[in-house]
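Quick notes on the structure that follows.
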2 protein chains.
Amino acid sequence: MTIRQMCELFDVTPRTLRFYESRELISPERRGQHRLYNRRDRARLKLILQGKRFGFSLEDIRQLLELYDPRENNVTQIAATIEASRQRLADMTRQQEELTVAIDELRQRIGNAERMLEDRRRG
Amino acid sequence: MTIRQMCELFDVTPRTLRFYESRELISPERRGQHRLYNRRDRARLKLILQGKRFGFSLEDIRQLLELYDPRENNVTQIAATIEASRQRLADMTRQQEELTVAIDELRQRIGNAERMLEDRRRG
DNA sequence: GCAAAAGTTGACGCGAACGTAAAGCAAAAC
DNA sequence: GTTTTGCTTTACGTTCGCGTCAACTTTTGC
């Protein structure tokens with residue numbers, strides 16, 4: 001799959017893909033000079049974009065990707081990856097709890113505002 | 001409450017508080033030249049920091065704050081605020097759904113990695 | 001075979017969200 | 001009473017995550 005096809009599939013620009021590659025988040029094969037993306041690359045990109053929506057930095061995401069398909073077989077490296085991942089998991093569970101509360105409150109606020117707006121419009 | 005007290009309470013720098021003020025996210029009183037923060041300011045700052053953890057921009061957050069305690073009484077303004085807030089709510093619910101799935105998967109990955117690590121250490 | 005399209009590597013630019021250093025004022029401590 | 005402490009504004013600097021040329025090669029269509 002070419003870079004253009006990837007861009008259309010995931011709604012990103014070529015610049016973005018090359019940038020992620022420069023940060024070692026993806027590493028497509030080369031046919032001559034051109035890049036070729038396979039299933040693994042697509043899976044990684046999907047995770048990258050998801051991680052971004054959760055507010056993680058690209059460096060955080062890079063570490064998570066190590067867990068999802070490891071390149072390093074060093075034992076201490078793996079342990080470090082696990083530890084970093086545990087931290088991300090803690091971030092995510094806390095965020096989930098906060099989200100639940102925040103969503104509930106936001107719904108109520110919107111409801112109030114809607115009623116207030118209706119009152120204003122009538123009288 | 002002085003700027004320094006705010007900083008300690010919320011673990012931010014004075015620069016950050018002044019920056020948020022310049023973006024009209026908070027507007028503390030003045031005693032002479034000095035800033036004084038009240039309960040309302042603290043509530044707003046709490047929401048700001050929470051919004052940031054959810055990955056919202058300061059501009060997104062500014063619009064949400066309008067909903068939480070409105071300054072504008074203009075009807076069309078209120079309607080716009082409600083609409084923007086609905087969008088944020090949609091973002092948040094989607095993020096919540098994604099988070100649930102992602103947390104589940106990450107837990108499994110960590111579990112796998114831990115078992116793998118144990119195997120390596122033994123053999 | 002040759003132009004156009006698609007891809008490549010620099011390199012500089014940019015907005016967001018602050019960091020940081022400089023220079024000054026003002027109340028408070030000694 | 002002057003030195004320290006705490007806050008102020010002004011302004012330039014920095015990092016992240018790309019956007020945007022520019023200049024070049026490579027592949028593809030006709």
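Chain naming here is simple, since letters A, B, ... match the order of the sequence lines and numbering starts at 1 in each.
For residues 45-68 of chain B, proximity to DNA chain D is found at no residue, defined as any non-hydrogen atom under 4.0 angstrom from a strand atom.
A/A113 approaches B/L67 most closely through the heavy-atom pair CB-CD1, 3.6 Å. Of all the heavy atoms in A/Y68 and B/A102, the pair that sits closest is OH-O, 4.4 Å. The two residues A/I82 and B/E114 have their closest heavy-atom pair at CD1-N, 3.7 Å. Pairing each heavy atom of A/L64 with each of A/S85, the nearest pair is CD2-OG, 3.9 Å.
A/R18 comes within 4.0 angstrom of a base, heavy atoms only. The residue B/R31 sits apart from the nucleic acid: no heavy atom pair falls under 4.0 Å.
The shortest distance between the side-chain N/O atoms of A/T2 and the OP1/OP2 oxygens of C/dA6 is not below 4.0 Å. At the phosphate of C/dA17, neither OP1 nor OP2 sits under 4.0 Å from any side-chain N or O atom of B/Y20. Regarding contacts with the backbone of C/dT20, every side-chain N or O of B/R15 stays at 4.0 angstrom or more from both OP1 and OP2. Close to C/dT9, at under 4.0 Å from its OP1 or OP2, lies a side-chain N or O of A/R35.
Shown here is B/E29, whose CD atom has no more than 12 heavy atoms of other residues, nucleotides or ligands within 6.0 Å. A 6.0 Å sphere centred on CZ of B/R40 holds more than 12 heavy atoms belonging to other residues, nucleotides or ligands.
Nearer to the 5' terminus of DNA chain D, by closest-nucleotide assignment, is the contact made by B/R4 (compared with the other of B/R4 and A/R23).
In summary, contact between chain B and DNA chain D, defined as any nucleotide atom under 4.0 Å from a heavy atom of the protein, begins and ends at D/dC7 to D/dA11 in the 5' to 3' direction.
B/L17 and B/L36 are assigned to two separate hydrophobic clusters, defined by single-linkage of ILVMFWY side chains at heavy-atom distances under 4.5 Å.
Between the CD atom of A/Q33 and the C1' atom of C/dT9 there is a distance of 8 Å, rounded to whole Å. If you take NE2 of A/H34 and C1' of C/dG7, they are 4 Å apart, rounded to a whole angstrom. What separates CG of B/L25 from C1' of C/dC18 is a distance of 13 Å, to the nearest Å.
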Self-check item: Stepwise side chain to side chain contact (heavy atoms under 4.5 Å, CB included) test for A/Q50 and A/K46
Solution: CA-CA 6 Å; A/Q50 189 174 249; A/K46 190 177 170 187; 5.9 Å; no
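For the atom pair CE (A/M6) and OG1 (A/T13), the distance works out to 12.0 Å, reported to the nearest 0.5 Å.
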